[in-house]
Student: 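Right, I'll just put the structure down here and ask away after.
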Amino acid sequence: MKIIRLFSLSAILFVATTSAFAQEFRLGKVSVAELEQKVHPKDTSAVAAILYKKGVSRLEFDQNEGFYMMTDVETRIKIYKKEGYDWANQEVWYYNYNSLKERVFFTDAVTYNLVNGKVEKTKLKSDGSFDEVLSKYRGQKKITMPNVKEGSVIEFRYTVRSPSDAMIRDWDFQTSIPVNYSEFKVAYPEYYVFKPRQKGYIFPKTTTLKNPKTITINSKERAGGNYSATTQFYTDKIDYIETEVTYVAQDFPALKDESFVNNINNYRSSVEHELSLTHFPNRPIKEYSTDWNSVVRTIYEYEDFGPELNKTGYFEEDLKKLLAGINTPEEKMWVILNHVKSNVKWNSYYGYGCDNGVKKTYKEKTGNVADINLMLTAMLRFSGLTANPVLVSTRSNGIAFFPNRTAFNYVIAAVETPNGYILLDATDKYATPNILPFRVLNWMGRLIRKDGSSEEIDLMPTKTSNDIVFMNYDIDAGGKVTGQTRRQCSDYNAMIARENFEKLKEEEYLEKLENNSNKIEIKEYSRTNEKELLAPTVETYSFTGNNLCELIGGKIYVNPMLFFTKDKNPFKQEVREYPVDFGYPFLDKYNITIKIPEGFTVETLPTAVVYNMENNLGSFKFNIVANENILQLSIVHQINKAIVGTDEYEMLKDYYKGMIAKQTEKIVLKRI
């Protein structure tokens, strides 16, 4: 057999190798000390901990299928508290479509408990394991460990076999619980080059070895004439060098979420590997995703992407009628966006590749993100606008840190104008030009042009979204408050308001509003611009509250902002490890008029303050003026950046501390 035959096979697989792990980490060797442990020695608040987790991903060879990768993982977890019972549920996702069918197997799944001083084992039964469909392309194998209690130790092994030699599964060294020991090993022959990429704030130790390996190939040939033919058997051995990289993490702390974090997984200590190139004997080097331009060119050429943008003959007649008499780019964008939103419903599936295809989606009026937004892009182009798709990684998918084809899971449209790009997404009924669904606001996207060039696009809003409240109220001598409120929200605040309106019937919405506003009673409630998406939402109502003031020693104590007061600082950490992600710049403004009761006068009034953060990050202004029995209050809280870096965290924390202290100061009224 010629050596080139070894590498001419197109089928390839992922495999999990069974490794001989170190003596101290072996399935089935749970100790009494592990079962007796009541709390984690380094994190007493931990509800559970990973005692150890070891995995190996190694490219193996089958002479009928070629190289494939097996991934073998074994794990032991300690459950400390009832809140940790969720760790008894484990799932492993896998690809499941025609060209990529992976298989997942769970084995050696056992729960250990200490009963009367003896170790009791409960094995997972067949009914504790099942498969679940996640999407058109993915499924997951799930297990639920039996007989889990406080103090239990659970352990299991799983194996993933996949027909692709181009992917190594990502490995997390951190979770929401402490990790005592985590080890991940990758091994692949010299014909492959994988680029490792680590993220997070703490990193594992890494060692690399070069190991000699041999592939043995058996073959046979028949030689001679019809009657004198003989069969000859051959054994070929091919020597190669295997690269083996081992990552070891010890005593990694739990990854704890904080307020205003985009996606905690962006900061998790982990490693991923991207196939950089292959170089088989007697073949030229084949390079893969080396930079973003090569990534997006590859994606653009996919059948379910670029060719879908060029399909015609399904929307033109409808669009010609809609665009008759429409001339300005802004009007065209709005008409086309509304046409797609009104006629095609998103089926809740993500993806930058079409599922149904744009023609079928337009006809059947439903499709995934790509079906809808690639159609939108094509319509914008038809109208004469310069429109291109923008690849996006959603917030739930994480930030696209490194160039690779799996970094993205979403696509939107961008229209080029003299004043910059206008971003559009037709999957959300409340989206408008440059007001995208919140799931899309994830740092940067990648715009792709027809010629294959690309450009980084900032997805984070720069325009301020307003929340403006006008309120006036009277206080009577018994502390009862009666007043009126008008609240106006624009842009992202308006989108959130409309989503909240839709979730509940008006009666349920008002009940929730009353309960969240210190049990006030609301009357004469009305909304305007609920469906007028380019206008601010407006809510007006009258209210009465008996729990909004305190009467102590004949004096009335009232917080002037009533139920709009922010009384908790979301930033409590001494040191912030992650950027603060507000999602969008915002301005909260309150104009409040207060009428004090007859027979009372002001004893104590909060003083006016102005807090300005450096670099125009934001400002807080508080001013109150007394004029006889009328108090006029003006409050402005403004944040000018969607994302605040960790270097500005201390300033932001102090700002919020001062703002909340001022907002919670009370007016004191005394009898004349």
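Given the structure is predicted, the values throughout are model-derived calculations rather than measurements.
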Student: Please determine whether side-chain contact (heavy atoms from CB on, under 4.5 Å) holds for the pair Leu380 and Met333, giving the CA-CA distance in whole Å, both sets of side-chain angles, and the decisive distance to 0.1 Å.
Tutor: CA-CA 7 Å; Leu380 292 165; Met333 277 185 270; 4.2 Å; yes

Student: About how many Å separate CG of Leu617 and CD1 of Ile639, when rounded to the nearest 0.5 Å?
Tutor: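 So the gap between those two atoms works out to 5.5 Å.
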
Student: Is there a side-chain contact between Tyr473 and Thr482 in this structure, where contact means two heavy atoms from C-beta onward sitting under 4.5 Å apart?
Tutor: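 In short, these two side chains do not touch, never coming nearer than 4.5 Å.
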
Student: Is Ile643 close to Trp443 at the side-chain level, that is, under 4.5 Å between some pair of heavy atoms?
Tutor: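 Counting from C-beta outward, Trp443 and Ile643 do come under 4.5 Å.
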
Student: Less than 4.5 Å apart, any side-chain heavy atom of Arg576 and any of Lys653?
Tutor: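 Of all side-chain heavy-atom pairs linking Lys653 with Arg576, none is under 4.5 Å.
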
Student: Compare every heavy atom of Ile594 with every heavy atom of Pro560, then report the nearest pair and how far apart it is.
Tutor: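 Closest heavy-atom pair between Pro560 and Ile594: CB-CD1, 3.9 Å.
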
Student: Below 6.0 angstrom between ring centroids: does that apply to Tyr655 and His637?
Tutor: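 Yes, ring centres under 6.0 Å apart.
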
Student: Mind listing the closest non-hydrogen atom pair of Glu532 and Arg498 along with its distance?
Tutor: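 Scanning both residues completely, I find the closest heavy atoms to be O-NH2, 2.8 Å.
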
Student: Does Lys199 NZ have over 12 foreign heavy atoms under 6.0 Å away?
Tutor: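 Atom NZ in Lys199 is packed in, count exceeds 12.
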
Student: Check whether Thr377 reaches the backbone of Ala413 with its side chain - one donor and one acceptor, N or O, closer than 3.5 Å.
Tutor: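 It does not hold such a pair.
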
Student: Under a 3.5 Å threshold, yes or no: a donor from one side chain and an acceptor from the other, between Asp257 and Tyr578?
Tutor: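 Side chains of Asp257 and Tyr578: no pair found under 3.5 Å.
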
Student: Heavy atoms only: give me the nearest Gly583-Leu441 pair and the separation to one decimal.
Tutor: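 Closest approach of Gly583 to Leu441: O-CD1, 3.6 Å.
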
Student: Can you confirm whether Pro606 sits close enough to Ile667 that some side-chain heavy atom of one is under 4.5 Å from a side-chain heavy atom of the other?
Tutor: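 Yes; the side chains approach each other to less than 4.5 Å.
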
Student: Do Asn518 and Asn547 pair up side chain to side chain, a donor and an acceptor below 3.5 Å, judged on atom types alone?
Tutor: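 No - no donor-acceptor pair under 3.5 Å links their side chains.
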
Student: If we only count heavy atoms from C-beta on, is the Phe564 to Ile592 side-chain gap below 4.5 Å?
Tutor: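 They are not in contact (no side-chain heavy atoms under 4.5 Å apart), so the answer is no.
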
Student: Any side-chain heavy-atom pair from Phe305 and Ile448 closer than 4.5 angstrom?
Tutor: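 When only atoms from C-beta onward are counted, Ile448 and Phe305 do touch, with a gap below 4.5 Å.
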
Student: Classify the side-chain pair Tyr590/Gln663 by whether it contains a donor and acceptor separated by less than 3.5 Å.
Tutor: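 No, because no side-chain N or O of Tyr590 sits under 3.5 Å from a partner of the opposite role on Gln663.
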
Student: How about Lys142: does its NZ atom have over 12 heavy atoms from other parts shown lying under 6.0 Å from it?
Tutor: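 Correct, the count exceeds 12.
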
Student: Using the benzene-type ring in the case of Trp, are the ring centres of Phe438 and Tyr492 under 6.0 Å apart?
Tutor: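 That pair fails the under 6.0 Å test.
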
Student: Does CD in Glu506 sit with more than 12 non-hydrogen atoms of other residues, nucleotides or ligands closer than 6.0 Å?
Tutor: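 Counting other residues, nucleotides and ligands, CD of Glu506 exceeds 12 neighbours.
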
Student: Looking at every non-hydrogen atom in both residues, tell me the closest pair between Leu337 and Ala431 and how far apart they are.
Tutor: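 Result for this residue pair: CD2-O, 4.0 Å.
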
Student: Is it true that Asn419 and Thr417 share a donor-acceptor pair across their side chains at a distance under 3.5 Å?
Tutor: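 Not at all, the side chains of Thr417 and Asn419 share no donor-acceptor pair under 3.5 Å.
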
Student: Does a donor on one side chain sit under 3.5 Å from an acceptor on the other, for Asn529 and Thr537?
Tutor: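 Side chains of Asn529 and Thr537: no pair found under 3.5 Å.
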
Student: Check whether more than 12 heavy atoms from other residues, nucleotides or ligands sit under 6.0 Å from atom NZ of Lys566, and answer yes or no.
Tutor: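 Correct, the count exceeds 12.
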
Student: Around atom NZ of Lys589, are there more than 12 heavy atoms from other residues, nucleotides or ligands closer than 6.0 Å?
Tutor: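 Count not over threshold, so no.
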
Student: Looking at Lys621, I'd like to know if its NZ atom is crowded, meaning that more than 12 non-hydrogen atoms belonging to other residues, nucleotides or ligands lie closer than 6.0 Å.
Tutor: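 Check fails, neighbour count at 12 or below.
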
Student: So which heavy atom on Arg381 is nearest to which on Pro389, and how close?
Tutor: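 It is NH2-CD, 3.9 Å.
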
Student: Using a distance-only test with no angle check, is there a side-chain donor-acceptor pair under 3.5 angstrom linking Tyr410 and Asp425?
Tutor: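 Short answer, yes.
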
Student: Are a donor atom and an acceptor atom from the side chains of Thr394 and Asn409 found within less than 3.5 Å of each other?
Tutor: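 Their side chains do contain a donor-acceptor pair, which is all the 3.5 Å distance test asks for.
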
Student: Are any non-hydrogen side-chain atoms of Arg138 and Tyr95 less than 4.5 angstrom apart?
Tutor: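 With C-beta onward as the side chain, the pair touches.
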
Student: Does a donor on one side chain sit under 3.5 Å from an acceptor on the other, for Asp451 and Ser453?
Tutor: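 Yes, a side-chain donor-acceptor pair sits under 3.5 Å.
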
Student: Is there a donor-acceptor pair closer than 3.5 Å between any side-chain N or O of Glu316 and the backbone N or O of Gly313?
Tutor: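 Side chain of Glu316 to backbone of Gly313: a pair is present.
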
Student: Does atom NZ of Lys359 have more than 12 heavy-atom neighbours, drawn from other residues, nucleotides or ligands, at distances under 6.0 Å?
Tutor: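 Counting neighbours around NZ of Lys359, more than 12 heavy atoms of other residues, nucleotides or ligands fall under 6.0 Å, so yes.
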
Student: Of Val415, Leu423, Leu424, which is the lone residue that meets side chain to side chain contact (heavy atoms under 4.5 Å, CB included) with Pro433?
Tutor: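 Running side chain to side chain contact (heavy atoms under 4.5 Å, CB included) over Val415, Leu423, Leu424 with Pro433 returns exactly one hit, Leu424.
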
Student: Quick one about Asn262 and Asn442 (side-chain donor to acceptor, distance below 3.5 Å, no hydrogens or angles considered), yes or no?
Tutor: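 The criterion, which ignores hydrogens and geometry beyond distance, is satisfied for Asn262 and Asn442.
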
Student: Without hydrogens or angle criteria, can the side chains of Gln573 and Tyr649 be said to hold a donor-acceptor pair below 3.5 Å?
Tutor: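 Present: a donor and an acceptor within the cut-off.
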
Student: Kindly indicate, with the supporting measurements, whether the criterion side-chain hydrogen bond (donor to acceptor under 3.5 Å, both in side chains) is fulfilled by Asp318 and Tyr362.
Tutor: CA-CA 11 Å; Asp318 292 339; Tyr362 192 69; 2.7 Å; yes

Student: Going through the distances and angles, do Asn373 and Tyr352 end up as a side-chain hydrogen bond (donor to acceptor under 3.5 Å, both in side chains)?
Tutor: CA-CA 9 Å; Asn373 284 332; Tyr352 58 69; over 6 Å; no

Student: Is any side-chain heavy atom of Ile635 less than 4.5 Å from a side-chain heavy atom of Phe620?
Tutor: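 Contact flag for Ile635/Phe620 side chains = yes.
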
Student: With Ile412, which of Val369, Leu459, Leu391 fulfils side chain to side chain contact (heavy atoms under 4.5 Å, CB included)?
Tutor: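 The option that passes is Leu459.
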
Student: Under the 6.0 Å and 45° cation-pi test, does Arg446 pair with Phe408?
Tutor: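 No - Arg446 does not lie over the ring of Phe408 by the 6.0 Å and 45° rule.
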
Student: Would you check if the side chain of Asn356 reaches a backbone N or O of Thr366 as a donor-acceptor pair within less than 3.5 Å?
Tutor: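 Side chain of Asn356 to backbone of Thr366: a pair is present.
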
Student: Before accepting this row, confirm whether a basic side-chain N of the pair Glu455/Arg449 lies closer than 4.0 Å to the acidic partner's carboxylate O.
Tutor: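 A salt bridge is present here (some side-chain N lies under 4.0 Å from a carboxylate O).
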
Student: Rounded to the nearest 0.5 Å, what separation is found between the OH atom of Tyr611 and the CE atom of Met651?
Tutor: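 With rounding to 0.5 Å, OH (Tyr611) is 15.0 Å from CE (Met651).
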
Student: Under the side-chain contact (heavy atoms from CB on, under 4.5 Å) rule, what do Lys519 and Asn546 come out as? Steps first, then yes or no, please.
Tutor: CA-CA 8 Å; Lys519 306 293 184 181; Asn546 294 308; over 6 Å; no

Student: Tell me the closest heavy-atom pair linking Asp428 and Pro437, and the distance in Å.
Tutor: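 Closest heavy-atom pair between Asp428 and Pro437: CB-CG, 3.5 Å.
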
Student: Between Glu648 and Asn615, does any side-chain donor sit less than 3.5 Å from a side-chain acceptor?
Tutor: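 Short answer, yes.
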
Student: Are the side chain of Asp371 and the backbone of Gly357 linked by a donor-acceptor contact shorter than 3.5 Å?
Tutor: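 At least one qualifying donor-acceptor pair exists.
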
